[in-house]
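In what follows, a single structure is set out as structure tokens and then discussed.
Numbering of residues begins at 1 and proceeds along the displayed sequence. Below, each value reflects all heavy atoms present in this structure, side chains not excepted, and no hydrogens, waters or symmetry copies.
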Amino acid sequence: FRTALGITDEKISFSQAGKNGRPAKLVEFNFDKCFSPETSQDQVFQDVKRLVQSSVDGYNVCIFAYGQKGSGKTFTLFGPNYLSENH
């Protein structure tokens, strides 16, 4: 069981519940860039547009979108028309 404690530009922190009466421990993950739930689609694009252009130019690129089911990952990456056009 993990509870998100904070998101900064480069780090996500969780409190991981302890087992067998042990205290919870802090777990941190570092990334090149993290976006909070309040970040708009345009703000995300402004930060990743160079990566998008690199992929168009033939370079390998990875954009990792992680989050709870239904939290908006597909919407953030593809926009509001994706669901109506593809489902």
Side-chain angles (χ1 to χ4, degrees):
F1 173 68
R2 291 182 176 172
T3 303
L5 298 176
I7 299 173
T8 66
D9 283 348
E10 297 176 349
K11 186 183 298 185
I12 298 176
S13 302
F14 292 92
S15 174
Q16 184 171 359
K19 296 179 181 177
N20 301 322
R22 294 183 184 153
K25 68 177 182 176
L26 179 65
V27 180
E28 296 181 334
F29 298 93
N30 294 302
F31 300 94
D32 292 332
K33 181 68 178 174
C34 297
F35 299 99
S36 72
E38 294 80 24
T39 306
S40 71
Q41 185 180 21
D42 186 58
Q43 289 171 308
V44 172
F45 180 73
Q46 292 304 317
D47 278 356
V48 301
K49 67 182 177 182
R50 291 190 324 235
L51 292 173
V52 173
Q53 184 60 52
S54 292
S55 70
V56 171
D57 292 342
Y59 292 93
N60 293 326
V61 172
C62 177
I63 298 174
F64 181 71
Y66 177 81
Q68 181 177 345
K69 181 178 179 180
S71 63
K73 299 175 297 294
T74 301
F75 178 84
T76 299
L77 291 173
F78 292 101
N81 297 327
Y82 177 77
L83 293 178
S84 62
E85 293 171 1
N86 295 298
H87 292 92

side-chain contact (heavy atoms from CB on, under 4.5 Å) partners of D57, counting only residues at least two apart: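 Q53, Y59.
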Partners meeting side-chain contact (heavy atoms from CB on, under 4.5 Å) with K25 (sequence neighbours left out):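 side-chain contact (heavy atoms from CB on, under 4.5 Å) check on K25 returns Q16, V27.
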Value rounded to 0.5 Å, distance of CG in D47 from CG in D42: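 Those atoms lie 10.0 Å apart.
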Gap between atom OG1 of T39 and atom NZ of K33 - 0.5 Å precision: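 Output value for this atom pair is 7.5 Å.
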Shortest non-hydrogen separation from E38 to Q43 and the atoms involved: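 Smallest interatomic distance, heavy atoms only, reads O-OE1, 4.2 Å.
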Shortest non-hydrogen contact between I63 and L51, atoms and distance: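 Of all heavy-atom pairs spanning I63 and L51, the closest is CG1-CD1, 4.3 Å.
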By side-chain hydrogen bond (donor to acceptor under 3.5 Å, both in side chains) - contacts of S55 (at least two apart):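 None.
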